[in-house]
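Encoded as structure tokens, the structure appears first; notes follow it.
Predicted model only: the values in this text are computed from it and were never measured. Proteins get letters first, then strands, A, B, ... in listed order; numbering begins at 1 in each. Only heavy atoms go into these numbers, but all of them, side chains included; no hydrogens, no water, no symmetry mates.
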Protein chains: 2
Amino acid sequence: MNLKITSDTTAKTSGNAAVPQKNIKTILKQLESDGIIGISVDCVIFGFDDNELKVLLIKSDLEKFDNKWSLLGDLVNNHEDLDQAAYRILKERTGLDDVYLEQVKAFGDVGRHPAARVVTIAYCSLINIEHHKLKITDNELHWHRVTTLSDMAFDHRQILDVCYEWLQKRIQEHPLGFSLLPKQFSLRELQNLYEAILDVKLDRRNFRKKFFSMELLEDTGELETDVPHRPGKLYKFNYEKYQKKERKKWFGIDF
Amino acid sequence: MNLKITSDTTAKTSGNAAVPQKNIKTILKQLESDGIIGISVDCVIFGFDDNELKVLLIKSDLEKFDNKWSLLGDLVNNHEDLDQAAYRILKERTGLDDVYLEQVKAFGDVGRHPAARVVTIAYCSLINIEHHKLKITDNELHWHRVTTLSDMAFDHRQILDVCYEWLQKRIQEHPLGFSLLPKQFSLRELQNLYEAILDVKLDRRNFRKKFFSMELLEDTGELETDVPHRPGKLYKFNYEKYQKKERKKWFGIDF
DNA sequence: ATTATAATGTGTAATTTGTACACAATTAGC
DNA sequence: GCTAATTGTGTACAAATTACACATTATAAT
């Protein structure tokens, strides 16, 4: 599920190929007049900063959605897998190629794109904002709070909502959250992350007890720096150990 | 999530339109030569019979996959939503239009279809085999055991695996399972269903206790018939009550 | 009618898991 | 050295899960 690929984006331009942004309208117009369904990928890129969940958005380039915010997406190249297309977009926009990325859902309602029939595959990506802070000097690319955000282009608000709910559920069952933090993190940071994403208040001692009992956090021996109080220990998540754990198929019926 | 729509399939034939089966190869050939990505929907239709999970398959009509089994699918019509396309296929093949249906995942690897580049959206459907037993006299349409099954066309084995795992997880968190049973069912039937799908053995008393404590099963006052032993009570699932329940966002971290 | 068979229906004790809660120890900043 | 702020830790209670056995009821065979 958790994909880590360095995508090769040297495919040729043909069909629904990746092309410079300014030609995309021409392609869509062509698709529409030919009665062809286009395929795109949209990336919901989450980051965590200032104890809040953020999403990376760009200003829409369609007149209809003037001044509205849009997810990062592009048409899928004829010679690349869907996952590769998502990686390509992510790399183009953030410069990162070693990130958590997972497909969430396809959105394909007839009227979702004003220019043509386009089915889009939504991907969810989690990145550490600190790591690429300098690279997003692009055109109108900005982080936005997930909770207070409206005026999105297309059906991107709906896509974002679905991905956010997906994340809330997923983070409790899989170790995704660490992708939003530095490699080394304090338990306080981890708890803040869970509290922000789930919008709940958790007991500090029980939270620690839970994570320690999983035995997947490694004490790095280092301490926080630059905090105006007693520094906490820094831990890192042990992915190898997690991978080796056998998955149980019985969780218990609960609905 | 749980969609129940009666699909309208009167759309015209244009572009990736729904067409008689024999023309599909022509369309694919055209797509390939034009460098266009096709979009299809594939339905993984599960049924439960003889205490085993079954899946509804058809013989592939491609030479390359001669004698291999294939999911039920079709190209997406230019004027229908993805969900509608899935419903259309389901209705065409089973005659049923009041069924559980949910999107699971898009599959779009470059080489997954031999004739052209085709991205497919996989849907999972759960139906009661008894209810439509007579309608599947179609060409080579048959139920297959999920566990002992190989030789599938395209990447359909992979799609089936993903959908089966999806089902195993989903059935523990959402009341899907009832769609595989008659409207009225005994607790034994329900437990058999869970045991078969999850491949686990469950304690009968604890299983009952769990379901009764949820207070979503209604005693119909009726009893099983045609069993060669003491008949069990028949229950039905109360969907209205379930819908009214508030969803909790905190389940507890566990991975 | 009697009996054998095969399942239903039920309760309790033991274990595990989750929750609520308070105080001493450590570091930075003044 | 004193204050402020946060870390680090344990225990008692509640809730949920698990393990487990026997009387009851209908059918089927005799």
> Quick one: A:Phe212 CZ to C:dG18 C1', roughly how many Å, whole number?
Replying inline: 18 Å
> Taking for each residue the nucleotide of DNA chain C bearing the nearest heavy atom, is the 5' side occupied by B:Leu223 or by B:Gly252?
Replying inline: B:Leu223
>> Measure NZ/A:Lys201 against C1'/C:dC21 and give the value in whole Å, please.
In response: 15 Å
>> What is the distance, to the nearest angstrom, from the CG atom on B:Leu190 to the P atom on C:dT8?
In response: 12 Å
>> Assess, by modelled atom type and distance only, whether the side chains of B:Glu240 and B:Tyr242 contain a donor and an acceptor separated by less than 3.5 Å.
In response: no
>> Could you tell me how far apart A:Arg208 (CZ) and D:dT7 (P) are, to the nearest whole angstrom?
In response: 7 Å
>> Can you confirm whether A:Lys59 is buried at NZ, in the sense that more than 12 heavy atoms of other residues, nucleotides or ligands lie under 6.0 Å from that atom?
In response: yes
>> From CZ of B:Phe207 over to P of C:dT10, roughly how many Å is that when rounded to an integer?
In response: 15 Å
> For the pair made of CG in A:Leu187 and P in D:dT7, what is the distance, rounded to whole Å?
Replying inline: 9 Å
>> From CG of A:Asp226 over to P of D:dA5, roughly how many Å is that when rounded to an integer?
In response: 18 Å
> Going by the angle between their ring planes, with limits at 30° and 60°, are B:Tyr164 and B:Phe46 parallel, tilted or perpendicular?
Replying inline: tilted
>> Just the rounded figure in Å: distance from P of D:dA26 to NZ of B:Lys233.
In response: 11 Å
Detail all sub-3.5 Å separations between protein N/O atoms and N/O atoms belonging to nucleotides 21-25 of chain D.
residue: D:dA21; atom: N7; partner: B:Arg205; partner atom: NH2; Å: 3.3
residue: D:dA21; atom: N6; partner: B:Arg205; partner atom: NE; Å: 3.2
residue: D:dA21; atom: N1; partner: B:Arg205; partner atom: NH1; Å: 3.1
residue: D:dT24; atom: O2; partner: B:Arg230; partner atom: NH1; Å: 2.6
residue: D:dT25; atom: O4'; partner: B:Arg230; partner atom: NE; Å: 3.4
residue: D:dT25; atom: O4'; partner: B:Arg230; partner atom: NH1; Å: 3.4

> In the 5'-to-3' direction, what one-character label does each nucleotide of nucleotides 12-17 of chain C receive under the scheme B = base within less than 4.0 Å of a protein heavy atom, S = sugar-phosphate only, - = no such atom?
Replying inline: B-----
>> For B:Trp166 and B:Tyr100, take the angle between the two ring planes, folded into 0 to 90°, and tell me which bin it lands in: parallel under 30, tilted 30 to 60, perpendicular over 60.
In response: tilted
> For A:Leu234, does its backbone N or O pair with a side-chain atom of A:Thr220 as donor and acceptor, under 3.5 Å?
Replying inline: yes
> Does a sphere of radius 6.0 Å around NZ in B:Lys183 hold more than 12 heavy atoms from other residues, nucleotides or ligands, not counting ones at 6.0 Å or beyond?
Replying inline: no
>> Can you see if the side chain of B:Arg188 gets near the phosphate of C:dA7 - specifically, an N or O under 4.0 Å from OP1 or OP2?
In response: no
> Would one find more than 12 heavy atoms of other residues, nucleotides or ligands at under 6.0 Å from atom NZ of B:Lys169?
Replying inline: yes
>> Can you classify the ring geometry of B:Tyr235 versus B:Phe212 as parallel (below 30°), tilted (30 to 60°) or perpendicular (above 60°)?
In response: tilted
> Is the B:Phe154 ring parallel, tilted or perpendicular to the B:His156 ring (thresholds 30°, 60°)?
Replying inline: tilted
